[in-house]
Amino acid sequence: MLARAPPLRFDLNQSKASFRSPPSQVVAVITDPLFYLLAIPAIIALGLGKGGFAGVGMISTPLLALTMPPLQAAAILLPIVLCQDVISVWSYRRRWSAWNLKVLLPGSVVGVGAAWLFAAYVPNAYVEIAVGVTGVCFALYNTFGRVPAQPRRPSVPAGMFWGSLAGFTSTIIQVGAPPYQVHILPQRLDKFTLIGTTIIFFALVNVMKLVPYFALGQFSPRTLATSAVLLPFAVATNFFGLWLARRTPTEPFYRITYLLMFLISLALIWQGASAIHAGVTAS
């Protein structure tokens with residue numbers, strides 16, 4: 001009455017197979033050392049940016065894009081950014097400009113929607129160059145041009161335009177600061193109101209971006225697991241950014257912001273031109 005050997009062997013193999021997950025279902029993080037070598041400065045930049053130095057975080061996606069497609073890099077960073085947004089928004093919840101958010105946010109909705117619709121058709125390289133040129137011109141104008149001594153508030157249509165452009169470029173290439181800064185910096189808000197408005201605006205834009213990113217299939221178990229690995233370091237650098245921004249005087253803070261805007265805009269122009277050149281050479 002004992003079971004025969006062949007059925008027993010068959011049942012064991014079947015049992016082992018039932019516990020063996022297909023390779024496609026195994027949740028594994030990225031293990032490439034070069035990725036983490038670039039991810040560390042990228043996360044530090046995000047922490048400084050979310051702490052108040054708007055624009056520093058723009059280098060994060062281009063850094064990771066050296067080892068992977070840009071959209072995948074953005075998908076890894078977005079969950080981290082959303083967690084940092086919670087910390088930063090809470091820290092600056094009482095210091096923000098309601099008028100600016102009312103003007104910028106409707107435009108950003110249009111920009112995020114346009115980026116979703118045209119993500120498959122708009123070459124990132126041309127967007128990078130356009131954003132970079134805008135940022136360079138604005139930084140040079142505010143450094144060497146005749147800037148009005150008194151703060152000036154832009155018109156509502158102008159604010160909606162820059163808000164839409166910030167939403168569009170933030171969704172496409174994760175770089176929304178230059179258009180946003182063209183709108184916000186001439187107003188010469190006090191430092192903490194500027195930081196709070198910037199943090200809240202981009203936190204809401206990041207929430208909007210979840211919809212197109214999910215629709216475009218940019219989130220996967222692998223990218224989310226990698227985000228989870230990087231999250232503790234990101235939170236630590238976020239608190240460091242908050243600490244540093246509160247101890248930087250207002251005038252040096254503005255000078256640093258303009259300098260960072262100029263340098264990062266130059267990097268965007270170079271990156272876009274390099275991509276176009278590579279495409280022409282390949283063809």
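We use all heavy atoms of the structure for the numbers below, so side chains are in, but hydrogens, waters and symmetry mates are not. Numbers for residues simply follow the sequence, beginning at 1.
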Chemist: Starting from the C-alpha separation in whole Å, work towards a yes-or-no answer on side chain to side chain contact (heavy atoms under 4.5 Å, CB included) for Val112 and Phe168.
Modeler: CA-CA 5 Å; Val112 172; Phe168 181 86; over 6 Å; no

Chemist: With rounding to the nearest 0.5 angstrom, report the CD1 to SG distance, Ile87 to Cys83.
Modeler: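 The distance works out to 7.5 Å.
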
Chemist: Report yes if some heavy atom in the side chain of Thr226 is under 4.5 Å from a heavy atom in the side chain of Tyr36; otherwise report no.
Modeler: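 Side chain of Thr226 against side chain of Tyr36, heavy atoms only: contact under 4.5 Å found.
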
Chemist: What verdict does the side chain to side chain contact (heavy atoms under 4.5 Å, CB included) test give for Val109 and Met208, after you've listed the backbone C-alpha separation in whole Å, the side-chain angles of each residue and the deciding distance to 0.1 Å?
Modeler: CA-CA 7 Å; Val109 173; Met208 297 179 204; 3.8 Å; yes

Chemist: Looking at every non-hydrogen atom in both residues, tell me the closest pair between Tyr213 and Ala75 and how far apart they are.
Modeler: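 Nearest heavy atoms, Tyr213 then Ala75: CE2-N, 4.1 Å.
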
Chemist: Of the non-hydrogen atoms in Ser88 and Leu242, which two are nearest, and what is the gap between them?
Modeler: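 Scanning both residues, the minimum pair turns out to be OG-CD2, 4.4 Å.
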
Chemist: Could you see if Val205 belongs to whatever hydrophobic cluster contains Ile200? Use Ile, Leu, Val, Met, Phe, Trp, Tyr and a side-chain cutoff under 4.5 Å.
Modeler: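 Same hydrophobic cluster.
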
Chemist: Linking I/L/V/M/F/W/Y whenever any side-chain heavy atoms sit under 4.5 Å apart, do Val156 and Trp162 land together?
Modeler: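 Unlinked, Val156 and Trp162 end up in two clusters.
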
Chemist: Mind checking whether Leu104 and Phe161 have side chains closer than 4.5 Å, heavy atoms only?
Modeler: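 Result no, sub-4.5 Å side-chain heavy-atom pair not found.
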
Chemist: Are Thr198 and Phe202 close enough that some pair of their side-chain heavy atoms sits under 4.5 Å apart?
Modeler: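 Heavy-atom side-chain distance check passes, below 4.5 Å.
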
Chemist: Provide the closest heavy-atom pair for Gln187 versus Arg153 in the form atom of the first, atom of the second, distance.
Modeler: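 Closest pair (atom of Gln187, atom of Arg153, distance): CG-CA, 4.2 Å.
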
Chemist: How would you list, by chain and number, every residue that makes a side-chain contact (heavy atoms from CB on, under 4.5 Å) with Trp270, sequence neighbours excluded?
Modeler: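 Checked Trp270 against side-chain contact (heavy atoms from CB on, under 4.5 Å); matches are Ser274.
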
Chemist: How close do Ile80 and Ala234 get, counting heavy atoms only, and between which atoms?
Modeler: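 Shortest heavy-atom separation between Ile80 and Ala234 comes out as CG2-CB, 3.3 Å.
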
Chemist: Given side chains that start at C-beta, do those of Pro79 and Phe219 come closer than 4.5 Å, heavy atoms only?
Modeler: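 Yes - at least one pair of side-chain heavy atoms lies under 4.5 Å apart.
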
Chemist: Within the structure provided, determine whether Leu77 and Ile43 are in side-chain contact (heavy-atom separation under 4.5 Å).
Modeler: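 In short, these two side chains touch, coming nearer than 4.5 Å.
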
Chemist: Which class fits the ring pair His183 and Tyr180: parallel under 30°, tilted 30 to 60°, perpendicular over 60°?
Modeler: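 Rings of His183 and Tyr180: tilted, as their planes differ by 30° to 60°.
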
Chemist: So Leu210 and Leu82, do their side chains get closer than 4.5 Å, heavy atoms only?
Modeler: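 A side-chain contact exists here, since the closest heavy-atom pair is under 4.5 Å.
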
Chemist: Rounded to the nearest 0.5 Å, what's the gap from CG on Leu185 to CG on Leu194? Could you check?
Modeler: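 One finds 6.0 Å between CG of Leu185 and CG of Leu194.
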
Chemist: Could you tell me which non-hydrogen atom of Trp116 sits nearest to which non-hydrogen atom of Ala215, and how far apart they are?
Modeler: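 In terms of heavy atoms, the two residues are closest at CZ2-CB, 3.5 Å.
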
Chemist: Between the side chains of Asp190 and Thr193, does any donor sit under 3.5 Å from an acceptor?
Modeler: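 Yes, a side-chain donor-acceptor pair sits under 3.5 Å.
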
Chemist: Does a sphere of radius 6.0 Å around CZ in Phe233 hold more than 12 heavy atoms from other residues, nucleotides or ligands, not counting ones at 6.0 Å or beyond?
Modeler: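 Enclosed: over 12 neighbouring heavy atoms sit under 6.0 Å from CZ of Phe233.
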
Chemist: May I ask whether Val110 and Met160 are part of the same hydrophobic cluster, defined by side-chain heavy atoms of I, L, V, M, F, W, Y residues being less than 4.5 angstrom apart, directly or through others?
Modeler: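 No: no chain of side-chain contacts under 4.5 Å links Val110 to Met160.
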
Chemist: Does any part of the side chain of Gln84, heavy atoms only, come nearer than 4.5 Å to the side chain of Thr237, both counted from C-beta?
Modeler: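 Contact flag for Thr237/Gln84 side chains = yes.
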
Chemist: Looking only at heavy atoms, which two atoms of Thr197 and Leu101 are closest? And how far apart?
Modeler: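 Looks like O-CD2, 3.9 Å.
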
Chemist: Is there a side-chain contact between Asn100 and Leu189 in this structure, where contact means two heavy atoms from C-beta onward sitting under 4.5 Å apart?
Modeler: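 A side-chain contact exists here, since the closest heavy-atom pair is under 4.5 Å.
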
Chemist: Are Trp99 and Leu105 connected, step by step, through hydrophobic side chains (Ile, Leu, Val, Met, Phe, Trp, Tyr) whose heavy atoms are closer than 4.5 Å?
Modeler: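 Cluster IDs for Trp99 and Leu105 differ.
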
Chemist: Roughly how far, to the nearest 0.5 Å, is the CG atom of Leu231 from the CG atom of Leu224?
Modeler: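 Answer for the CG-CG pair, Leu224 versus Leu231, is 12.0 Å.
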
Chemist: Report whether Val103 and Ile184 are members of the same hydrophobic cluster (ILVMFWY, side-chain heavy atoms less than 4.5 Å apart, transitive linking).
Modeler: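 No; Ile184 is not reachable from Val103 via cluster members.
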
